[in-house]
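Let me begin by presenting the structure, written as structure tokens, before commenting on it.
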Amino acid sequence: MDFMVLVQVLESTMRLATPLLFACLAGLISERAGVFDIGLEGKMLVAAFMAASIAFVSGNVWIGVAAAVGVSVAMSLMHGLASITFRGNQLISGVAINFLAAGITVVIAQNWFRQGGRTPSLSGDARMARIDLPFAEALRDVPVIGPIYHGILSGHALLVYVALLCVPLTWFMLFRTRFGLRLRAVGENPAAVDTAGVSVVGLRYGAVAICGVLCGLAGAYLSTGLSAGFVKDMTAGRGFIALAAMIFAKWRPWHAMGAVFLFGLLEAVANRFQNIDILGVNLPVQAMQALPYILTVVILAGFVGKAIPPRAGGAAYVKEH
Amino acid sequence: MSRGRIPHWADVTLVPLASVFLAFVISGILIWAIGESPWAAMKLMVEGAFGSSYGWGYTLFYATNFIFTGLAVAVAFQARLFNIGGEGQALLGGLGVALVCLYIPWPHWSLALIAASLGAAVFGAGWALIPGYLQAKRGSHIVITTIMFNFIAASLLGYFLVNVLRPQGAQDPSSPRFPSETALPKLHEILGVFGIPFSTVPPVNISLLIAVGMCFAVWFMLWRTRLGFQIRAFGESEPAAEYAGISPVRITVYVMLISGALAGLMAVNSVMGEQQRLVLNAVEGAGFIGIAVALMGRNHPFGVFLAAILFGFLYQGGAELALWTGIPRELIVVIQALVILFTGALDNMVRIPIARIFAMRGAR
Amino acid sequence: MITAWTASARRSDPRMTQAQTQAMRQDTAASNAFAIELRGISKAFGPVQANKDISIRVRRGTIHGIVGENGAGKSTLMSILYGFYRADSGEILINGQQTDIPDSLSAIRAGVGMVFQHFKLVENFTVLENVILGAEAGAMLRPSLAKARGLLKDLAREFELNVDPDALIENLSVGHQQRVEILKALYREADILILDEPTGVLTPSEADHLFRILRGLKEQGKTIILITHKLREIMDVTDEVSVMRRGEMVATRTTSETSPTELAELMVGRKVLLRVEKTPAMPGPEVLRVEGLRLVDAQGVERLRSIGFALRAGEIVGIAGVAGNGQSELLEVLAGLRPAEGQAWMKGAPLPLSGPDCDAQARRARRIAHVPEDRHRRGLVLNFHAWENTALGYHNDDAYNPSPWKMDNAAIIRDTQAKMAAFDVRPPDPQLKASGFSGGNQQKIVLAREIEHTPEVLLVGQPTRGVDIGAIEFIHQRLITLRDAGAAILLVSVELDEILSLSDRIIVMFDGRIMGERAPDQTNAQELGLMMAGMA
Amino acid sequence: DPALMFDLGGKFDKSFNEAAYNGAERWRAETGGSYREIEMQAAAQRVQFARRLAEAGSNPVVVMGFQNAPTLEEVAPDYPDTSFVLIDAVVDLPNVRSVIFAEHEGSYLVGMLAAMANETGTVSFVGGMEIPLIASFACGYAQGAKAVNPDINVIVNYTGDTPAAWNDPVRGGEIARAQISQGSDVVFAAAGGTGLGVLQAAEDSGVFSIGVDSNQNYLHPGSVLTSMLKLVDQAVYDAFTDGPGLETGVVQMNLAAGGVGYALDEHNAHLISDQMQEAVEAAKAAIIAGELSVHDYRVDSVCPAF
Ligand SMILES: Nc1ncnc2c1ncn2[C@@H]1O[C@H](COP(=O)(O)OP(=O)(O)OP(=O)(O)O)[C@@H](O)[C@H]1O
Ligand SMILES: Nc1ncnc2c1ncn2[C@@H]1O[C@H](COP(=O)(O)OP(=O)(O)OP(=O)(O)O)[C@@H](O)[C@H]1O
Ligand SMILES: [Mg+2]
Ligand SMILES: [Mg+2]
């Protein structure tokens with residue numbers, strides 16, 4: 001593969017991995033606190049819709065992003081209400097959120113814009129601008145560094161860099177702060193946190209809210225950064241892929257970054273090389289499209305081994321001595 | 001613990017009813033908000049789904065699909081395996097049905113039904129076997145592998161339909177129509193034998209009886225056989241199961257085989273009973289609805305049956321709603337979501353006040 | 001010394017200044033001799049009245065024992081004092097001051113610390129992280145950890161509470177985990193320390209160590225409440241003792257003026273035999289023999305090194321050892337739960353120690369039964385009904401499977417009723433979930449299942465852990481009856497008393513090896529203790 | 001009253017179904033009549049809804065999409081007094097009018113335009129799913145492009161195999177970017193909602209795109225070179241206008257019948273030079289006259305252009 005092709009594929013990877021990265025970190029934080037969240041997909045979808053519609057109405061993408069974060073956090077709190085306060089089944093709540101998002105986005109979009117559950121196309125300031133990193137132009141022609149810096153890293157929307165920044169931030173928060181210590185503890189053994197005089201409910205709500213913020217950013221990037229408007233079901237399973245990446249990463253932030261980049265890369269490769277001749281046999285399109293998923297299974301079976309989730313995950317906390 | 005305070009009968013009737021009621025109240029507010037009459041909509045839905053044998057027919061047809069996929073998820077859940085792969089397994093089940101119906105000549109539908117059921121079950125089970133085996137032997141998380149296998153199944157089916165099964169020159173990426181000998185008797189024919197009139201229109205067919213039979217079979221398997229005992233013990237506590245000499249690998253593989261077979265069987269209803277040919281996306285999300293059905297049915301076959309009927313109602317009632325009003329079809333998805341949320345996840349919200357009422361009455 | 005660390009600890013506590021705390025505590029201290037006074041505490045869990053109008057006073061600077069049968073309400077009462085549960089009615093006075101304790105944080109602020117029976121530790125955190133959890137010095141972790149490390153060193157020196165601050169909890173023995181719990185309380189400057197069944201999982205030497213620590217704490221002026229089922233411990237360390245029965249407080253005695261017999265009677269409401277009565281063993285032919293048993297765990301550590309011994313019909317062989325020296329692994333290997341190297345014979349025929357024919361089913365088919373050490377994790381499926389638990393492991397029995405298709409649930413239920421009657425399980429309800437029984441009754445369910453199948457070899461781990469004295473008496477009796485019926489019993493226990501009183505021969509293990517064998521009447525706790533420490 | 005039954009993509013897919021909707025709306029505006037419309041959620045509803053519409057007395061019933069051929073085969077015989085119109089496939093029944101489009105012919109013309117606007121020697125195509133219908137778009141497009149420039153490289157990609165493939169603008173955009181990075185400077189999208197992402201990516205990258213079904217030139221003026229028109233709206237409008245007793249049989253909506261074509265309006269007039277227009281018009285005339293034949297992939301699943 002020649003170098004420029006690699007650069008192009010990696011650039012595409014950066015974009016494709018960004019929503020996955022946000023969502024993956026979102027799930028990671030929530031699950032680290034013991035709240036399983038298969039509603040990432042739904043939250044992203046609602047956020048994508050909110051971002052696009054508010055950006056369209058206000059003409060300012062950042063107002064849209066704020067709205068997206070707001071609505072996503074609200075959905076998260078609903079998940080919290082069900083699974084923390086009312087000790088309901090976290091999986092059911094997540095499934096419900098996914099359904100709710102799939103339906104409500106279209107119903108509201110139809111009611112507001114009358115374009116069949118779509119938002120109008122965004123342009124100008126209603127879309128996320130691309131940012132050129134400092135010296136990108138200057139370094140452009142430097143061999144190796146140029147293509148990497150200018151070609152791959154530079155020229156993405158701000159949220160791409162925010163997502164990358166979120167990885168060390170998440171790591172720092174989890175492993176270097178008091179909040180992170182408590183958050184991890186509440187996912188492993190909430191009784192320990194409770195008896196230490198810290199509110200289990202408060203911590204879990206905190207984690208769930210952060211999850212909402214990150215899902216909001218993921219959705220906003222999808223509709224205002226990657227594309228220019230909302231289309232129904234536009235998350236197209238990315239929330240589930242993020243979940244897969246999270247398990248793949250065994251709930252660790254840096255590994256999560258690795259995992260989403262692997263998924264992004266596989267998708268980028270599949271987009272780029274749809275017909276490959278292998279030993280004279282032309283692989284059908286479908287094979288290339290399935291390739292990322294097949295490889296994921298192979299990697300999982302071959303190299304990753306058992307992923308052990310946070311021990312108290314998935315269950316509401318009930319006091320027992 | 002929180003459940004202990006209300007009588008069991010109230011817990012299984014009052015709580016779900018109150019939850020469903022709440023879900024519908026909120027749905028009503030939403031319908032009102034988009035400028036339609038909630039009362040008329042509700043009436044239309046109920047009448048459309050239950051008001052005639054036509055409505056019942058469709059409700060039961062959809063419910064049949066959901067029973068199969070719901071049972072598939074429920075069985076796996078009894079062993080604490082979260083099989084999200086019902087969608088893919090049902091797709092493969094469809095392939096099994098199609099191959100059996102297309103490539104083997106059948107003299108009578110009954111033989112075809114047996115063979116196609118086997119084909120569906122074997123293909124579905126086969127598709128679940130790989131994730132099951134990988135979970136058991138390699139610890140590959142079954143949630144991820146089954147999600148991946150859904151995508152892979154879609155590609156595989158796309159390939160088969162476009163390149164293998166599609167008749168030369170046909171536009172549609174679908175298999176040819178199955179021979180008419182393989183057409184399954186519809187419910188009206190079955191009821192007709194007993195002189196009960198029933199609408200001839202809806203595609204509900206003999207698969208419904210298979211589905212109900214499967215509810216019993218699954219119940220029997222889980223609570224009346226050794227295998228079921230082992231599955232449940234394994235699901236409740238892996239160390240205890242190991243202590244009892246129950247092999248985790250074997251149980252995981254068995255459970256996934258059963259789960260996949262059940263999901264695959266859904267194709268008998270939709271592919272053989274209704275479409276009479278295999279089309280792209282023959283499953284249409286029933287695999288995912290199965291998750292909701294199983295969770296709402298508390299992973300018990302009888303609960304799955306009831307939840308499947310509820311979802312069948314939402315599907316059919318929603319279709320009528322879309323047909324006769326300006327309410328967008330996605331609103332039905334919202335109602336489904338609210339029902340799932342209130343009955344499945346926010347059930348304690350109604351249980352706690354109900355418990356309080358009972359406590360007050362008890363105190364007097 | 002002690003003032004030095006408390007002073008610095010107080011400074012680290014952002015919630016209260018040193019002056020405030022001391023002023024508050026000393027004020028009231030002068031006026032009242034009771035550290036704790038509970039008045040009319042009641043608590044119900046649904047239909048269960050766990051505590052009924054309980055009043056108790058605990059003198060400052062004493063060790064106060066609480067005894068009672070399983071389910072008497074001891075843990076509940078203490079959990080209320082610690083703010084873990086809220087009482088339905090009643091009041092709490094701490095140092096003479098009425099105190100509202102709605103949550104654990106309030107309890108901690110009031111100077112109450114608690115070590116729960118089931119430790120509240122985060123298994124994959126380090127000791128240090130567990131200690132500071134909830135009492136961190138600031139928003140950032142590093143400074144908190146550094147500060148705690150220093151304090152921990154002082155505490156460790158002061159109270160003989162040595163633990164590696166950087167060890168992961170899951171790699172620590174239970175004894176060390178318990179020290180971490182105590183350190184947690186001390187780090188939070190607890191003046192009043194509650195310990196719920198602290199010795200249930202400890203070895204005798206660990207228990208002795210604990211009591212040394214407790215006495216040390218008492219000397220420093222701390223007040224200690226100790227819940228235990230072991231009357232010897234009560235007599236050893238407490239100053240006063242209260243007895244609970246069925247949710248009520250039935251008596252409080254000064255320890256020096258009471259006796260174990262009186263306490264046992266007060267607890268159970270009848271006379272209890274505190275000594276095991278048994279006739280000498282009459283060993284028959286050899287049943288089980290193992291040679292060269294070796295086990296290497298997943299981390300590559302050798303857990304069993306060339307173990308060899310024989311078991312004869314009609315005898316109880318006790319295995320003594322400090323927890324973590326290979327006894328648990330030995331039981332698991334013999335029960336078919338772990339593959340190992342070496343050879344074994346059951347009545348002369350080889351018994352595979354690895355491979356496909358080595359699982360718990362195969363062992364049961366060879367009439368080897370197993371009462372596991374951890375009834376919650378292994379012995380029972382807590383969410384199963386009692387009758388289902390009766391079939392656990394025996395689900396393939398012909399008696400339960402008259403046809404190949406169907407399990408005969410009715411037969412299992414009948415069988416369970418019979419077993420429950422034979423073992424006096426309370427309540428004798430086969431439909432009750434295992435989690436709904438008290439610890440002693442859960443243990444009886446497990447024993448009934450294993451013993452009533454008349455095994456030729458019974459492997460028993462910690463048969464009376466966490467079980468009240470009435471049930472202990474019963475369980476011991478049953479084991480001896482089984483022995484007298486001709487079964488070979490291999491008993492693993494960390495209770496030296498239990499080993500000494502039940503066994504016909506005693507094998508001591510240390511570091512995966514057999515240190516030697518003794519006859520119970522020719523040895524004593526001191527000698528065994530030395531052997532268990534690897535010195536012999 | 002007439003009725004219109006949309007295919008699974010839904011009423012507002014900005015292309016196929018939306019065109020039908022526009023046709024119906026035009027009829028309503030011009031005649032003041034009213035009609036019934038229905039969107040389905042699941043394939044099982046195809047038959048269900050077709051029947052419901054017929055039973056409710058709607059006539060004619062216009063049914064969208066080739067996937068409904070079996071639907072009408074099943075339903076139409078039961079309602080001999082109702083006229084059905086099937087868009088995009090053929091059903092041979094006395095009360096069914098089958099309207100089929102020569103997408104390959106329209107695609108051929110936009111392929112020519114693409115090749116003429118092309119500077120890099122590479123043009124590309126993004127299809128929703130690899131099914132014969134979409135492949136015939138691709139094939140016609142490639143034939144047209146190669147007719148202008150035999151050496152031109154035509155990249156063909158598809159979005160996926162699940163229904164999500166028609167609604168994934170993100171993926172569509174990424175595929176388009178991948179094609180653009182391979183040198184394509186004209187991207188033709190036939191992928192429903194996914195196509196919106198393709199057109200957007202083309203505009204963002206400063207290359208041309210080609211819309212599909214409806215006239216999509218207005219979406220990104222100056223960037224959308226043209227749109228491959230498929231006059232579904234006309235077919236629906238005609239059906240509604242013809243009313244209950246409409247003439248049945250197969251209606252060929254090819255170039256000759258004006259059923260397909262390319263869009264030229266104020267949004268792209270400056271992009272299409274006179275020279276380009278002349279060439280396309282010439283080819284169009286030749287096709288209509290039968291002098292030039294564009295191969296239809298659906299006939300034999302083979303594309304001569306690849
Ligand atoms: N969380 C709970 N929910 C319901 N009932 C409970 C709960 N905790 C305790 N109980 C009930 O309260 C009663 C008292 O239990 P408690 O744990 O206080 O007894 P205990 O004296 O500590 O027993 P043990 O010696 O076994 O530790 C028991 O009957 C028990 O069933
Ligand atoms: N959530 C609960 N619901 C009902 N009963 C409970 C609950 N939690 C505990 N119990 C009961 O409370 C009593 C004491 O509980 P505890 O946790 O102290 O166990 P235990 O009886 O001491 O057994 P062990 O010492 O083996 O843990 C038991 O009867 C137990 O079954
Ligand atoms: Mg207790
Ligand atoms: Mg206890």
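Order of the sequence lines sets the chain letters (A, B, ...), proteins ahead of strands, with each chain counted from 1. Please read these numbers as outputs of a predicted model, since none were measured by experiment.
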* Structure fact -> Honestly, the part of B:Gln316 sitting under 4.5 Å from a heavy atom of chain D is side chain
* Under 4.5 Å heavy-atom distance to chain B, tell me which part of D:Asp296 shows up: side chain, backbone, both or neither. => neither
* Asked: Above 12 or not: heavy atoms from other molecules or residues under 6.0 Å from OH of B:Tyr159?
  -> no
* **Minimum-distance pair of heavy atoms, taken over all atoms of B:Val162 and D:Glu130** => CG2-O, 3.0 Å
* Which heavy-atom pair separates B:Tyr58 from D:Val47 by the least distance, and what is that distance? -> OH-C, 4.3 Å
* Asked: Can you name the nearest heavy-atom pair linking B:Tyr315 to D:Gln45, along with the distance?
  -> O-NE2, 4.2 Å
* Structure fact -> Of the listed B:Leu156, B:Asn65, B:Val201, B:Leu161, the one with the largest count of heavy-atom pairs under 4.5 Å with chain D is B:Val201
* Which residue out of D:Glu74, D:Arg46, D:Glu73, D:Glu39 racks up the most heavy-atom pairs below 4.5 Å with chain B? -> D:Glu39
* Asked: Taking the side chain as C-beta and beyond, is there a heavy-atom pair between D:Met129 and B:Leu280 under 4.5 Å?
  -> yes
* Side-chain contact test, heavy atoms from C-beta onward, threshold under 4.5 Å: evaluate it for D:Pro70 versus B:Gln276 and give yes or no. => no
* Taking all non-hydrogen atoms of both residues, which atom of B:Arg277 and which atom of D:Gln67 are closest, and how far apart? -> NH2-O, 3.8 Å
* Measure D:Ile38 against the heavy atoms of chain B and call it side chain, backbone, both or neither at under 4.5 Å. => side chain
